[in-house]
Amino acid sequence: MSIVLLRVDERLIHGQVVLGWGGELHPSRYVVVDDELAASEWEQDLYRLSVPDEVAVVFASVADAREAVAGWRGDAVRTVVLTRDIQAMAALAAGGALEGMEVNLGGLHHRPGRDEVSPYLFVDEADREAVRALVEAGTVVSGRDLPGAPRVPVDQILQ
Amino acid sequence: MSVVPPLPPAVRRRIQLRAFLIQGSWNYRVMQGTGMAFALLPLLRHLGLRDGDLEDAVGRHAEHFNAHPYLSSVALGALARLEMDGASPDTIRRFRSAIRGPLGALGDRVVWATWLPLCAAVGLLLYWAGVGGGWAVAAFLVLFSALHLTLRFRGFRLGYESGTAVGPRLKELALTRRAERGAVVLVFLVGGLAGLLLTGDTAMGGLSRSWSAGAVAAFLSGLVGGVRLWRPTALLTVGLVVLVTFFGLRAG
Amino acid sequence: MSFLALTLLGALLTLDGVTVGQFMVSRPLVAGAVAGLVVGDPVTGLMVGAVLELFLLVSVPSGGGRFPEPGPATVVGVAAAVWTAGPGGVALGVAAGLVLGWLGAVTQSMQRHANGRWVPDPTREAVTPDQVAAGHGLAIALDFARGALVTAVGLTTVLAAGPWVTRGWPLSAADTRGALLLGAFVSLGIVGRTLLAGRRWVVLALGVAAGLLVGWVLP
């Protein structure tokens, strides 16, 4: 299996991901799953800026990503998959496509109606619903901003 | 590409001045958001927005934002352009969330991880080579500020000229590749600093011979252990000073 | 008199660290020289600043993370070294600098949580220009006050601790420097480690050789 990280982070590709996780995992492909981004070229140009030239960045809609995810798991390219929200990750995982893998919640920020789980993790009821869907789809969910940091366990997120 | 609308110099100067306070109210809720709105206020006033329109405009710029403080000027320039062009609030919102990550990552790599330690290493080398403390401090400040101020002022202009199309323009600057080259220079300077300090009693008071072996071991342990050794090292240093004083008092 | 001047300097350098300007005059090398001038001993000021700079080379104000705050720490460190008689002064200065760097980071983090309460939140309510300016200004004023407080607490502590160190410190000036530089060497190694990739260890080795050479050639 060569998906080395599944991460939910509103900021998508940014310093923590590229330097923090990238420095530890050495991926050679980032896949960003987001319907709006998949259709917007100038935004893609901006997100590509964070990544060294030799690393590939792929933008996919949720529907396209569902088709392709088995391929990413199967091929030899070390891949980081990023979504902006838990719902998109849950859609990707539905039906067991990510079974047995760990989903990392790395950055969901303050918004009205969201409760603080940790300084980088705020969730509302819809988010918790999506976390339950991820657990049902056979993934292990936890919060963690950087590789060295302690994990926030799923029970604490669902409280 | 539309024609670049002229930005009145007085407005530009006030935004650029306020950009020096971009992190004035850094917080875990909107991070630099308030600072961004504060910096753009002169422009929003210049555009003649009133009441509800003004509050909407202030509101969209006061939302969550975070980037490297110097490179935030690129975002300020581009956002000023979008407001001048009358871009939709949705475009502005999406631009803000797309640009913050790259500007943060670029700045961390170029400024914090490379240029700042590189300039500090130059200053420290000059100091321990006995060139004179004043020169060491001046060299550090001049070198560092050259890039710092360039990023702020040219960054703002680049952002204003390009608007949402700033991505390819930033890519052309090849900042990441330059940072890679800077990192090689920094590695050399770090080695040089270790070597210079090891040679013993320089004019500024270096290491006496009896400590050389310990210093080599300390350097190697840092090389092998990495960042996780920093906190224990600081604690050990403080603890050592306390303990030596304590036992010195008891013995004396 | 110099207590007040140093407190003011500590507060100003706190602002430079993150909130106002970030010209990096708050880095230990610069802050050490300035604080040294204020207390009338720039040579000792630079010495303490240079050692603290070595320790803090890996510490940069990156992305909202917690990092030792250099400005007030260096001011207090220099004051401790100058005010404390005997070779132990520099030791107290460096130790105080490290402790104050940590105290600065902790209080800064507290303030960042607190700032979130008075900056306007556009996701909840309409935001006026006045609210933005007031919230922003208040946060900067508080950062100044925090810097003054941290510096004053540090200065008071080192004034109290100084006489004990003067009486108890058994090491010579050279041995004191040696002991303190051990920690600085670990820190230098850490910086090297964060940069090592591919064949850069060759460059590092060349740097060490060049440094040794320069050190031997210098008078």
Side-chain angles (χ1 to χ4, degrees), chain B residues 20-21 23-29 31 34 37-38 41 55 58-59 62-63 69 104 108 112 116-117 120 123-124 127 133 137 140 144 183-184 186-188 190-196 199 205 207-208 211 214-215 218-219 221-223 226-227 229-230 233-234 237-238 241 245 248-249 252, chain C residues 18-22 24 29-30 33 46 50 53 57-58 60 62-64 91 95 98-99 112-113 115-116 119-120 122 126-129 132 135-136 139-140 164-165 167-170 174 177-178 181-183 185-186 188-193 195 200 203-204 207-208 210-212 214-216:
Chain B
F20 283 99
L21 307 179
Q23 302 206 109
S25 56
W26 205 100
N27 63 84
Y28 291 112
R29 181 166 284 192
M31 300 190 176
T34 318
F38 180 75
L41 277 181
E55 286 172 14
V58 173
E63 278 179 24
D108 279 358
W112 294 152
L116 177 63
L124 287 171
Y127 171 74
V137 172
F140 166 76
F144 183 79
V184 176
L186 177 56
V187 169
F188 184 79
V190 164
L193 207 44
L196 184 63
T199 46
L207 205 63
S208 61
W211 289 90
F219 184 63
S221 67
L223 263 183
V227 179
L229 283 191
W230 193 88
T233 305
T237 306
V238 174
V241 172
T245 306
L249 281 169
Chain C
V18 171
T19 38
V20 178
Q22 295 195 295
M24 294 297 125
L29 188 63
V30 186
L46 264 165
E53 184 70 59
L57 267 181
V58 277
V60 293
S62 157
L98 293 172
V99 174
R112 288 173 158 189
H113 278 288
N115 280 349
V119 298
V127 176
T128 66
V132 166
H136 204 59
I140 293 173
W164 297 91
V165 176
R167 261 202 292 141
W169 195 255
R177 248 191 338 259
L181 282 177
L182 281 192
F185 267 99
V186 178
L188 260 184
I190 293 172
V191 180
R193 168 65 182 227
L195 296 162
R200 285 193 190 157
V203 180
L204 185 78
V208 174
L212 287 170
V214 170
W216 271 314

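Letters go in sequence order (proteins before strands), and every chain restarts at 1.
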**Request:** Starting from the C-alpha separation in whole Å, work towards a yes-or-no answer on side chain to side chain contact (heavy atoms under 4.5 Å, CB included) for W164(C) and L249(B).
**Result:** CA-CA 8 Å; W164(C) 297 91; L249(B) 281 169; 3.6 Å; yes
**Asked** Parallel, tilted or perpendicular for Y28(B) and H113(C), by the 30°/60° rule?
**Response**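 Rings of Y28(B) and H113(C): tilted, 30 to 60°.
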Nearest non-hydrogen partners of [X] and [Y], listed with the distance:
X       : Y       : value
V58(B)  : P129(C) : CG2-CG, 4.0 Å
E55(B)  : A126(C) : OE1-CB, 3.3 Å
L46(C)  : G133(B) : CD1-CA, 3.3 Å
L188(C) : V190(B) : O-CG1, 3.6 Å
L195(C) : A183(B) : CD2-CB, 4.1 Å
T199(B) : W216(C) : CG2-N, 4.0 Å

Quick one: does [X]'s side chain get under 4.5 Å of [Y]'s, heavy atoms only?
X       : Y       : answer
L181(C) : W211(B) : no
V187(B) : R200(C) : yes
I190(C) : L229(B) : yes
R193(C) : V227(B) : no
L223(B) : L204(C) : yes

**Message:** Is there a side chain to side chain contact (heavy atoms under 4.5 Å, CB included) between T237(B) and L98(C)? Walk through the geometry before answering.
**Reply:** CA-CA 9 Å; T237(B) 306; L98(C) 293 172; 4.0 Å; yes
**Asked** Is it the backbone or the side chain of A33(C) that comes under 4.5 Å from a heavy atom of chain B, or both, or neither?
**Response**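 Just its side chain gets close to chain B.
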**Asked** Of the backbone (N, CA, C, O) and the side chain (C-beta and beyond), which part of A50(C) lies under 4.5 Å from a heavy atom of chain B, both, or neither?
**Response**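 Both parts, heavy atoms under 4.5 Å.
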May I ask you to name which of [options] has the most heavy-atom pairs under 4.5 Å with chain C?
options                           : value
L41(B), L124(B), V137(B), V238(B) : L124(B)
G24(B), A194(B), G192(B), P117(B) : G24(B)
F144(B), F140(B), F38(B)          : F38(B)

**Item:** Nearest-0.5 Å distance, CG of residue L57(C) to CG of residue L186(B)
**Value:**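 It is 8.0 Å, given to the nearest 0.5 Å.
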**Message:** Can you tell me which portion of T34(B) sits under 4.5 Å from chain C's heavy atoms? Options are side chain, backbone, both or neither.
**Reply:**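 The answer is both parts of T34(B).
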**Asked** Side chains of S25(B) and H136(C): do they bring a donor and an acceptor to under 3.5 Å?
**Response** yes
**Asked** Counting distance only, does the side-chain N/O of N27(B) pair as donor-acceptor with the main-chain N or O of R112(C) below 3.5 Å?
**Response** no
**Request:** State which residues pass side chain to side chain donor-acceptor pair (under 3.5 Å) with Q22(C); sequence neighbours excluded, sorted by chain then number.
**Result:** Q23(B)
**Given V191(C), V58(C), V186(C), the one that forms side chain to side chain contact (heavy atoms under 4.5 Å, CB included) with W230(B)** = V58(C)
**Message:** Tell me every residue that passes ring pair (Phe, Tyr, Trp, His ring centres under 6.0 Å) with F20(B), counting only those two or more places apart in sequence or in another chain.
**Reply:** F23(C)
